Number of protein chains: 2
Amino acid sequence: MIGLSKRTDYGLLALVYLAAAPVGRVVRTRDIAEQHDLPVELLAKILQRLAKSGMIASTPGPTGGYHLARSTDDISIGQVVAAIEGAPALIHCERTDHNRCNQLDKCTIRKPLTRIQARVYDLLNLITLSEITGPEPPDELVFQSQIVRSNTIKPATARDRSVRGEEAIRA
Amino acid sequence: MIGLSKRTDYGLLALVYLAAAPVGRVVRTRDIAEQHDLPVELLAKILQRLAKSGMIASTPGPTGGYHLARSTDDISIGQVVAAIEGAPALIHCERTDHNRCNQLDKCTIRKPLTRIQARVYDLLNLITLSEITGPEPPDELVFQSQIVRSNTIKPATARDRSVRGEEAIRA
DNA sequence: TGTATCTCCGATACATCTTGTCGGATATAG
DNA sequence: CTATATCCGACAAGATGTATCGGAGATACA
């Protein structure tokens, strides 16, 4: 499959929600789960992975929660996919044991596909979360959260876009 | 997952094999399967789909087999994926029933992800099979096949490439 | 004309991965 | 001390992909 997993969808929904939250506030996992009707425990793990990769920060304790650790300009879709799905893929031989493919010499597609894979990754790494959130925040959500103490907000950077084409697969 | 399925891998292997075959010859499914040690029946179905989508042509009968129906410049990776995997994906809501997502109004990621999906498709549609086969054919394979009668070879076209990036997901 | 050998096609068991759930540990505000 | 949040590993359920089987249609060749 070339598509994203449900987990990544959930993660992106959560990131958009966090991006829409007022600066200085933390959001509980349960709030996001209830907003989009997602299983709380599953979303919790996803947020843990996002926190581990450094794009969101966590605050433990009763008044705790999550908040964005970077600007939406500084979080790429590729990073989100990598954090949640563990990332590398495209060619099948490379996923499990490399040596299991007992005919590496006969495999005529491995090396070229690795190059193509790199191009797909490059594309996803150029697209940032701000392209999903948009310039203006939705601002239609209610937050019953608290003030955050550890301010680890980093400065924003810029991104550009490229790539266009003439024919589509189906869409 | 962002990766290709095993079926697509098999399909690409078969296409490369067919591309390496001398013009005017047909190749049996079994030959390709034995060359790469793939299950014959599964590969047969994959080749049927590729034939149905028009990128390879079939010849029935004892001396039958498959041959490329277009130039390797005229077969894109996106088309191969679409032919084998049925294509559309990326965002999860769009895969099964559209109306099942009973909170379309709250879904903040559907529309932006559709745009991103189109970009990925564009990229895959710009990459042709000739980038996998290379300019010169491998020419290290033995063909025990026969002459083809129905010559449905179409003229070749040209393709260009674009897209580059600075940071990668992991590779 | 029969037979062998291809492509074709639907249905179905098997494997693997994803999704979802459970139980318990750690940290902190009140 | 207690309630409530993040954490973390392990496992059951479900979905998806992979592989297999049985049989039908087409054609070269004896």
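The structure displayed is predicted, hence computed values, not measured ones.
Between D:dA19, C:dC6, C:dT7, one nucleotide has an atom nearer to the side chain of B:R30 than all others, and that is C:dC6. Out of D:dC7, C:dT19, C:dT21, the shortest distance to the side chain of A:S5 is found at C:dT19. Minimum atom distance to the side chain of B:Y66 is reached by C:dC8, of the listed C:dC8, D:dA3, D:dC7. The side chain of B:T29 lies closest to C:dT7 when the candidates are D:dA5, C:dT7, D:dT18. Nearest nucleotide to the side chain of B:P60, out of C:dG20, D:dA3, D:dA26: D:dA26.
Close to C:dG20, at under 4.0 Å from its OP1 or OP2, lies a side-chain N or O of A:Y10. Between B:K6 and D:dA19 there is a side-chain polar atom (N or O) within less than 4.0 angstrom of OP1 or OP2. Note on A:R7: every side-chain N or O is 4.0 Å or more away from OP1 and OP2 of C:dT18. Between B:T63 and the phosphate of D:dC29, there is no side-chain N or O to OP1/OP2 separation shorter than 4.0 Å. Within the structure, a side-chain polar atom (N or O) of A:S58 is placed less than 4.0 Å from OP1 or OP2 of D:dC7.
Side chain of A:N125 to backbone of A:Y121: a donor-acceptor contact under 3.5 angstrom is found.
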**Prompt:** Can you give one letter per nucleotide of nucleotides 9-15 of chain C, going 5' to 3': B for a protein heavy atom under 4.0 Å from the base, S for sugar-phosphate only, - for none?
**Reply:** BBB----
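Nucleotide D:dT6 holds its C1' atom 12 Å from the CZ atom of A:R28, rounded to whole Å. Between the CG atom of A:L50 and the C1' atom of D:dC7 there is a distance of 14 Å, rounded to whole Å. Going from atom CZ of A:R49 over to atom C1' of D:dC7 covers 13 Å, rounded to whole Å. Summarising the geometry, the separation between CG on A:L43 and C1' on D:dT6 is reported as 12 Å, rounded to the nearest angstrom. For B:I56 and C:dC6, the CD1 to C1' distance is 14 Å, given to the nearest whole Å. Summarising the geometry, the separation between CG on B:L18 and C1' on C:dT7 is reported as 14 Å, rounded to the nearest angstrom. What separates CD1 of A:I46 from P of D:dC7 is a distance of 14 Å, to the nearest Å.
In terms of the side chain to side chain contact (heavy atoms under 4.5 Å, CB included) criterion, residue partners of A:L13 (sequence neighbours excluded) are, by chain and number, A:H36, B:T108, B:I109. Residues forming a side chain to side chain donor-acceptor pair (under 3.5 Å) with B:T8 (at least two apart in sequence, or on another chain): B:S5, B:E85.
For B:D31 and B:R28, the salt-bridge test passes: some basic side-chain N is under 4.0 Å from an acidic carboxylate O. We find that B:D122 and B:R119 are not joined by a salt bridge, their nearest charged nitrogen and carboxylate oxygen being 4.0 Å or further apart.
Closest of all the heavy-atom pairs between B:R7 and B:L42 is CD-CD1, 4.2 Å.
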**Message:** Working note: A:I75 + A:T128, criterion side chain to side chain contact (heavy atoms under 4.5 Å, CB included); need CA distance, chi angles, decisive distance, verdict.
**Reply:** CA-CA 5 Å; A:I75 298 177; A:T128 69; over 6 Å; no
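The residue among A:G61 and A:E41 whose nearest nucleotide of DNA chain C is located toward the 5' end is A:E41.
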